[in-house]
Amino acid sequence: MFETIIGLEVHAQLNTKTKLWCSCATSFGEKPNTNICPTCIGLPGGLPTINIEAVHKAIKLSSAIGAKVNQKSMFNRKNYFYPDLPTGYQISQFEVPVVSDGFLDIEVDGHKKTIRIQRAHLENDAGKNIHDGNHSKVDLNRAGTPLLEIVTHPDMRSSDEAIAYLKKLHQIVRYIDISDANMQEGSFRCDVNISIRPKGETKLYTRCEIKNMNSFKFIEKAINYEVDRQIQAWEDGLYDKEVVQETRLFDINSSKTVSMRGKEDAADYRYFPDPDLLPLIISDEMIKQHKDIPELPQAKKERFEKSFGLKKDEIELLTVTKDMANYFEQMLSFGASAKIASSWLCVELLGRFKDGQNISSSPISAKKLAQLVCSIEDDKISGKAGKQVLDFLMTSDMEVEDAISKLGLAQISDDGAIVELINNIIKEHEDKVTAYKNGKDKLFGFFVGEVMKASKGKANPKTVNKLLKIALQG
Ligand code: ZN
Ligand code: MN
């Protein structure tokens, strides 16, 4: 009987080498307060100059979400005090953002839906407050790092839709390489605006904003908690008292949202054009440069489905990142066939990764895994032996062929050697040979087993079958 209304604001940290307004490095995890200069810590005389790389990345996003690039936009000061904001203002965009009017299509339980993206604007990040016992410290390495704030219309109606949108956006910013979107490091953080209303009404009620979340799991929990809280307040007749426009935080320990501060309106920030910066002018040329973006996840999925006939969940896994998809396609270019390449990549290789390992840090290259897969397809080794070779290669940089011979796993496919094994078995079991010839067909399996055993599992089973049939006919 209630409907949930959700709008999302994502702050994606752009992966430029230097900050937005100065040439300090953006590298993560450096000694505190080493990547700083007068501009990014707000000393007198510091003057901002735009990092054009950040603008290029914003244009790339606009191509990926079917949005419009505004060829003239302004930078505004958004004034507020916070200890990690030494300038006393953030330089952001207000009336005209660099990108507007895009969309992303999502799918939840087979149900497709378009989420409209209102705008994406450039702004700089603040530093970081570190609370350490009785002390509070400020690290300004992050101050001035470029962010792209991507804002949707309030189009989502459930936490499932919100998460589907966020996962898709997360995947896209990585595919087009504008952000590493590392959530633990805070390079992809989300503010959620939530309100409820009785089903059938069109008016929007008071919204609460839950700030700064960087885990899909917590975002989902926070939304579900907040929706329940608002519905409960409505049903208790306390809606006007308990649901007010405010900023809330999600407390991981209690899985609840808690009030942080009253929500400011835009007017409170006294936005005004930054007098140190000219309007941002984007040429046709710059826009044209980013017309052709890399193949996006959706297009890749459709192509994989059409060309390789793989299953849906396999395709999801193969396209989860661009690196994963590239690895798979490289395996194919080295001669592996799609179905077996997919299963050796998704099941065998990923299954052997330890925590923190991923496809980009894989100890085995796509070429090597393809060679291994081809050895199995060509009957040089059995599938079982292939797994042993893979185990071995996880910690060795030996070539595939060398590993096979070092482990003594090469399959015996040579007819002569197999015939010899067969003849020995026949000699040892003359009684059974007679029984077989008298019609006890079931014994065929016994002979196959004996030959395989004698070869220590290395004989090619197909060849054994073929040659045994001939030998037993004689
Ligand atoms: Zn700086
Ligand atoms: Mn922002």
Side-chain angles (χ1 to χ4, degrees), residues 64 104-113 160-161 163-177 180-183 188 215-217 220 293-394 400:
L104 273 189
D105 289 329
I106 59 163
E107 194 178 324
V108 173
D109 299 330
H111 190 76
K112 290 195 174 110
K113 183 169 181 177
D160 286 347
E161 289 184 6
I163 299 300
Y165 165 83
L166 287 171
K167 286 193 169 160
K168 189 142 192 195
L169 182 64
H170 184 255
Q171 196 178 33
I172 284 176
V173 299
R174 294 171 89 180
Y175 257 75
I176 60 174
D177 192 27
D180 67 22
N182 184 324
M183 296 182 82
F188 189 92
S215 135
F216 293 131
K217 199 175 82 199
E220 188 181 353
I293 41 165
E295 187 178 39
L296 293 175
Q298 195 52 42
K300 211 180 267 289
K301 275 179 210 166
E302 282 159 19
R303 182 167 61 80
F304 276 20
E305 200 175 341
K306 243 207 306 302
S307 335
F308 310 128
L310 298 167
K311 276 184 249 132
K312 216 174 169 180
D313 36 329
E314 266 180 299
I315 292 175
E316 285 297 330
L317 201 50
L318 289 173
T319 54
V320 68
T321 61
K322 204 166 60 178
D323 286 344
M324 184 76 181
N326 288 347
Y327 191 104
F328 173 67
E329 294 209 86
Q330 270 180 41
M331 284 183 71
L332 303 190
S333 76
F334 287 111
S337 62
K339 280 205 173 119
I340 154 158
S342 161
S343 98
W344 276 77
L345 169 54
C346 298
V347 181
E348 300 302 335
L349 181 63
L350 295 192
R352 281 168 173 76
F353 282 167
K354 302 208 170 61
D355 272 351
Q357 257 183 332
N358 60 50
I359 199 69
S360 353
S361 64
S362 168
I364 293 162
S365 67
K367 185 179 176 183
K368 258 193 190 176
L369 190 59
Q371 285 171 338
L372 180 59
V373 164
C374 289
S375 309
I376 300 163
E377 287 188 276
D378 298 345
D379 284 330
K380 280 193 199 125
I381 54 170
S382 65
K384 203 174 137 206
K387 290 177 190 176
Q388 281 173 262
V389 176
L390 187 55
D391 284 335
F392 178 77
L393 289 175
M394 292 305 285
V400 173

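Since the model is a prediction, treat every value here as computed from it, not as a measurement.
- Atom CG of Leu393 and atom CZ of Arg352 lie 10.0 Å apart (nearest 0.5 Å).
- Summarising the geometry, atom CD belonging to Glu161 is positioned 7.0 Å from atom NE2 belonging to His111; distances are rounded to the nearest 0.5 Å.
- Between the side chain of Glu220 and the main chain of Asp160, no donor-acceptor pair closer than 3.5 Å is present.
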Evaluation steps, side-chain hydrogen bond (donor to acceptor under 3.5 Å, both in side chains), between Thr321 and Asp323: CA-CA 5 Å; Thr321 61; Asp323 286 344; 5.3 Å; no
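- When all heavy atoms of Leu349 and Tyr327 are compared, the pair lying nearest together is CD2-OH, 3.4 Å.
- Summarising the geometry of Glu314 relative to Ser342, their closest heavy-atom pair is OE2-OG, 2.5 Å, with the distance given to 0.1 Å.
- Side chains of Ile364 and Met394 form a contact here, defined as non-hydrogen atoms less than 4.5 Å apart.
- Between Phe328 and Leu310, the closest side-chain pair of non-hydrogen atoms falls below 4.5 Å.
- Residue Ile381 holds its CD1 atom at 11.5 Å from NZ of Lys387, rounded to the nearest 0.5 Å.
- In plain terms, the two heavy atoms of Ile376 and Ser382 that are nearest each other are CG1-O, 4.2 Å.
- Although no hydrogens or angles enter the test, the distance criterion places no donor-acceptor pair under 3.5 Å between the side chain of Ser337 and the main chain of Lys339.
- Taking CG of Leu318 as the reference point, atom CG of Asn326 lies at 11.5 Å (rounded to 0.5 Å).
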Begin from the C-alpha positions of Ile315 and Phe308 and carry the test side chain to side chain contact (heavy atoms under 4.5 Å, CB included) through to its verdict. CA-CA 10 Å; Ile315 292 175; Phe308 310 128; over 6 Å; no
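- Heavy atoms from other residues, nucleotides or ligands lying under 6.0 Å from CD of Glu107 number more than 12.
- If you take CD1 on Ile163 and NZ on Lys168, they are separated by 15.5 Å, rounding to the nearest 0.5 Å.
- Across all non-hydrogen atoms, the minimal contact from Asn358 to Phe353 is C-CE1, 3.6 Å.
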Begin with the C-alpha distance, continue with both residues' side-chain angles, and end with the deciding distance and a verdict on side chain to side chain contact (heavy atoms under 4.5 Å, CB included) for Cys346 and Met324. CA-CA 9 Å; Cys346 298; Met324 184 76 181; 4.3 Å; yes
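- Residues in residues 367-386 take part in these salt bridge (Lys or Arg N to Asp or Glu O under 4.0 Å) pairs, two or more places apart or across chains: Asp379-Lys462.
- Looking at heavy atoms from C-beta onward, Asp180 lies out of side-chain contact with Phe188 at the 4.5 angstrom threshold.
- Heavy atoms only, all atoms of each residue included: Ala366 and Met331 are closest at O-CG, 3.6 Å.
- Within the model, atoms NZ of Lys312 and CG of Leu317 stand 14.5 Å from one another, a figure rounded to the nearest 0.5 Å.
- Between the side chain of Gln357 and the backbone N or O of Lys354 there is at least one donor-acceptor pair closer than 3.5 Å.
- We find that Arg303 and Glu329 are joined by a salt bridge, their nearest charged nitrogen and carboxylate oxygen being less than 4.0 Å apart.
- When atom types are taken as modelled, the side chain of Ser362 and the backbone of Ile359 share no donor-acceptor pair closer than 3.5 angstrom.
- No donor-acceptor pair closer than 3.5 Å links the side chain of Asp313 to the backbone N or O of Glu316.
- No donor-acceptor pair closer than 3.5 Å links the side chain of Ser307 to the backbone N or O of Phe304.
- Of the possible polar contacts, one joining the Lys322 side chain to the Tyr175 backbone as a donor-acceptor pair under 3.5 Å is found.
- Considering all non-hydrogen atoms of both residues, Ala336 and Val373 come closest at CB-CG1, 3.9 Å.
- Geometric assessment of Lys167 against the ring of Phe216 yields a positive cation-pi assignment under the 6.0 Å and 45° thresholds.
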